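The figures here come from the full heavy-atom set of this structure, side chains too, leaving out hydrogens, waters and symmetry mates. All ligand and atom numbering here is 1-based and tracks the order in the structure. Model, not experiment: these values are computed from the prediction.
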Amino acid sequence: MSTPLLEVRDERINFILENKKHVSATEHVSFKLDSHTTLGIVGESGCGKSITASSILGLLPKGAGYVAEGEILLEGKDISKYTPKQMQQIRGKEISMIFQEPMTSLNPVYRIETQMTEMLKAHDPKISKADAHARCLEMLTKVGIPAPEQRLREYPHQLSGGMRQRVMIAMALSTNPKILIADEPTTALDVTIQAQIMELMIELKESTGTAIMMITHDMGVIAEMSDYVLVMYAGRVVEYAAVKELFRNPMHPYTQGLLKSIPRSDQDSEELFTIEGSVPGLTEMPQGCRFANRCPHATERCIQSFPPTVELENGHQIACWLYEESK
Ligand SMILES: Nc1ncnc2c1ncn2[C@@H]1O[C@H](COP(=O)(O)OP(=O)(O)OP(=O)(O)O)[C@@H](O)[C@H]1O
Ligand SMILES: [Mg+2]
């Protein structure tokens with residue numbers, strides 16, 4: 001078997017709390033990402049989606065969060081052991097990331113062209129001004145920004161939210177990264193613009209072959225964008241499958257709950273299903289299955305110990321005691 005583009009193997013992320021205690025925010029997280037594919041990562045707030053993404057780029061908060069166990073293999077090389085300087089070579093060039101709110105990553109005091117050129121220069125210090133300008137124009141055009149010459153001269157506040165997110169995507173892709181990590185890239189935008197940005201990401205994925213890790217709360221976005229889906233709950237992977245398989249045959253009770261809570265147009269909002277309860281915090285993780293106290297199928301065994309991961313023939317993986325016998 002060929003080496004995957006990216007493989008996270010048995011990762012544990014710890015945080016150091018104010019009382020100096022080290023607690024695990026994620027445990028035994030494993031997944032692979034191949035080029036030309038999109039992996040959707042879904043789960044409620046606090047399940048560990050963003051920190052998993054940040055850990056790949058070496059961006060966990062300094063002095064507070066660290067990768068305590070496991071490996072992050074980029075084309076077979078363990079980048080979790082890289083120095084900050086080595087990681088700078090990876091960020092942007094090999095792996096780019098876009099965030100929920102583009103204003104946090106665009107600098108308000110510089111023109112768009114200056115910021116885009118900085119990004120290009122960081123990876124190709126010898127790039128000429130003319131070449132950088134041409135590349136900026138090409139990228140803005142690619143992401144569907146009208147009058148790109150004018151936009152390049154403007155400051156971030158002169159652009160709408162949707163335009164800023166397009167600029168972020170243009171910047172992230174300008175260095176031809178192998179992987180694009182998108183952390184809730186559309187949640188700050190209104191619904192029509194969300195749909196346009198999704199459309200754009202699908203087009204770009206097809207035309208560039210960049211592998212995408214798409215982090216979202218939204219099963220609708222997963223259905224539209226992903227080839228594979230990783231469902232996280234309270235810092236653990238509870239289910240993984242190809243997208244069609246997951247929607248046709250969701251096996252983990254948590255995934256079933258997430259799918260039931262997708263709003264449908266023929267439904268009153270009062271009828272909408274919600275999973276009772278909430279995700280446990282870092283210091284209140286149960287020893288057994290972390291979903292047990294919200295699960296309609298939970299038994300004593302679920303409360304006692306965490307279930308092993310079962311893998312079906314088609315690659316579908318589930319960590320739930322309900323399926324232990326079907327191994
Ligand atoms: N700097 C930090 N210090 C301590 N704990 C943190 C820190 N950052 C994140 N955490 C904890 O790590 C866990 C996972 O957080 P993360 O931001 O990855 O969640 P998420 O799945 O991205 O949620 P959301 O959907 O709200 O973005 C949470 O319990 C959170 O409290
Ligand atoms: Mg997040």
Side-chain angles (χ1 to χ4, degrees), residues 8 10-31 33 38-70 72 80 95-105 165 168 172 180-189 194 197-198 201 212-222 225-226 229-240 252 254-255 257-259 261-262 274-275 277-287 289-291 293-294 306 319:
V8 171
D10 212 21
E11 186 187 38
R12 175 194 299 274
I13 298 172
N14 280 359
F15 279 103
I16 307 167
L17 303 182
E18 265 177 54
N19 61 12
K20 306 276 184 277
K21 265 203 175 142
H22 295 229
V23 290
S24 297
T26 67
E27 265 177 37
H28 302 297
V29 171
S30 296
F31 59 89
L33 177 67
T38 298
L39 174 72
I41 302 189
V42 70
E44 287 162 290
S45 191
C47 283
K49 307 181 296 296
S50 294
I51 56 169
T52 299
S54 303
S55 74
I56 294 170
L57 284 165
L59 291 176
L60 286 170
K62 267 215 183 75
Y66 63 97
V67 177
E69 274 175 34
I72 300 169
S80 72
I95 312 176
S96 279
M97 184 152 171
I98 49 176
F99 299 89
Q100 183 170 343
E101 176 35 70
M103 274 319 261
T104 54
S105 0
Q165 199 55 294
M168 286 309 304
L180 176 68
I181 302 179
D183 191 356
E184 313 254 9
T186 61
T187 39
L189 305 171
Q194 274 185 19
I197 298 283
M198 278 302 144
M201 300 224 11
I212 301 178
M213 232 173 97
M214 170 63 77
I215 297 173
T216 178
H217 286 95
D218 187 336
M219 276 293 190
V221 168
I222 293 284
M225 280 285 302
S226 310
V229 190
L230 191 77
V231 184
M232 290 188 76
Y233 184 77
R236 301 280 303 231
V237 174
V238 295
E239 187 157 8
Y240 168 84
H252 198 286
Y254 180 58
T255 313
L258 287 179
L259 287 171
S261 34
I262 301 177
T274 50
I275 310 171
S278 55
V279 183
L282 286 188
T283 55
E284 49 187 32
M285 286 300 172
Q287 60 163 358
C289 172
R290 292 173 174 186
F291 188 59
N293 66 344
R294 302 173 75 188
F306 196 89

task: Answer with side chain, backbone, both or neither: which part of Ser50 has a heavy atom less than 4.0 angstrom from an atom of ligand 1?
output: both
- prompt: Distance only, no hydrogens: is a donor on one side chain within 3.5 Å (strictly under) of an acceptor on the other, for Tyr66 and His22?
  reply: yes
task: Give the residue, atom name and distance (to 0.1 Å) of the protein heavy atom nearest atom 25 (O) of ligand 1.
output: Lys49 NZ, 2.8 Å
Ligand-side contact atoms (ligand 1) for residue partner Ile51, heavy atom cut-off under 4.0 Å: 9 (C), 12 (O), 14 (C), 18 (O)
query: With no hydrogens and no angle check, do the side chains of Tyr233 and Glu44 hold a donor and an acceptor under 3.5 Å apart?
result: no
- request: Please say whether the positively charged group of Arg236, taken as NZ for Lys or CZ for Arg, lies over the ring of Phe306, i.e. under 6.0 angstrom from the six-membered ring centre and within 45 degrees of the axis.
  value: yes
- prompt: Which residue from Ser24, Pro61, Ser54, Gly63 reaches closest to atom 1 (N) of ligand 1 through any of its heavy atoms?
  reply: Pro61
- prompt: Side-chain contact, heavy-atom cut-off 4.5 Å: Leu60 with Ile51?
  reply: yes
Nearest protein heavy atom with distance in Å, relative to atom 8 (N) of ligand 1: Phe15 CZ, 3.5 Å
field: 4.5 Å side-chain heavy-atom contact, Leu282 and Phe15
entry: yes
- request: Evaluate the side-chain hydrogen bond (donor to acceptor under 3.5 Å, both in side chains) criterion for residues Ser50 and Asp183: first the C-alpha distance (whole Å), next the side-chain angles of each, then the deciding distance (0.1 Å), finally the verdict.
  value: CA-CA 7 Å; Ser50 294; Asp183 191 356; 2.6 Å; yes
message: Heavy-atom contact check, 4.0 Å cutoff: does Gly46 meet ligand 1?
response: yes
statement: Going by the 4.0 angstrom heavy-atom rule, the piece of Leu282 near ligand 1 is side chain
- prompt: Given side chains that start at C-beta, do those of Thr26 and Lys49 come closer than 4.5 Å, heavy atoms only?
  reply: no
- prompt: Would you say atom 31 (O) of ligand 1 touches the protein, meaning some protein heavy atom is under 4.0 Å from it?
  reply: no
query: Gly65 near ligand 1, heavy-atom distance under 4.0 Å?
result: no
field: Contact flag Ser45/the Mg ion (ligand 2), N/O/S atoms, threshold under 2.8 Å
entry: no
message: If the contact criterion is a heavy-atom separation under 4.0 Å, does Gly48 count as touching ligand 1?
response: yes
- request: Would you kindly specify which portion of Met232 sits under 4.0 Å from ligand 1, judged on non-hydrogen atoms: side chain, backbone, both or neither?
  value: neither
message: Taking the basic N atoms (NZ, or NE/NH1/NH2) and the acidic carboxylate oxygens, is any pair closer than 4.0 Å for Arg290 and Glu27?
response: yes
query: Which atoms from ligand 1 have a heavy atom of Cys47 less than 4.0 Å away?
result: 19 (O), 21 (O)
- prompt: Quick one: does Ile222's side chain get under 4.5 Å of Thr216's, heavy atoms only?
  reply: yes
query: How far is atom 26 (O) of ligand 1 from its nearest protein heavy atom, and which residue and atom name does that atom have?
result: Ser45 OG, 2.4 Å
- line: Here the atoms of ligand 1 under 4.0 Å from any heavy atom belonging to Glu184 are 25 (O)
message: If you define the side chain from C-beta out and look only at heavy atoms, does anything of Glu11 sit under 4.5 Å from Ser55?
response: yes
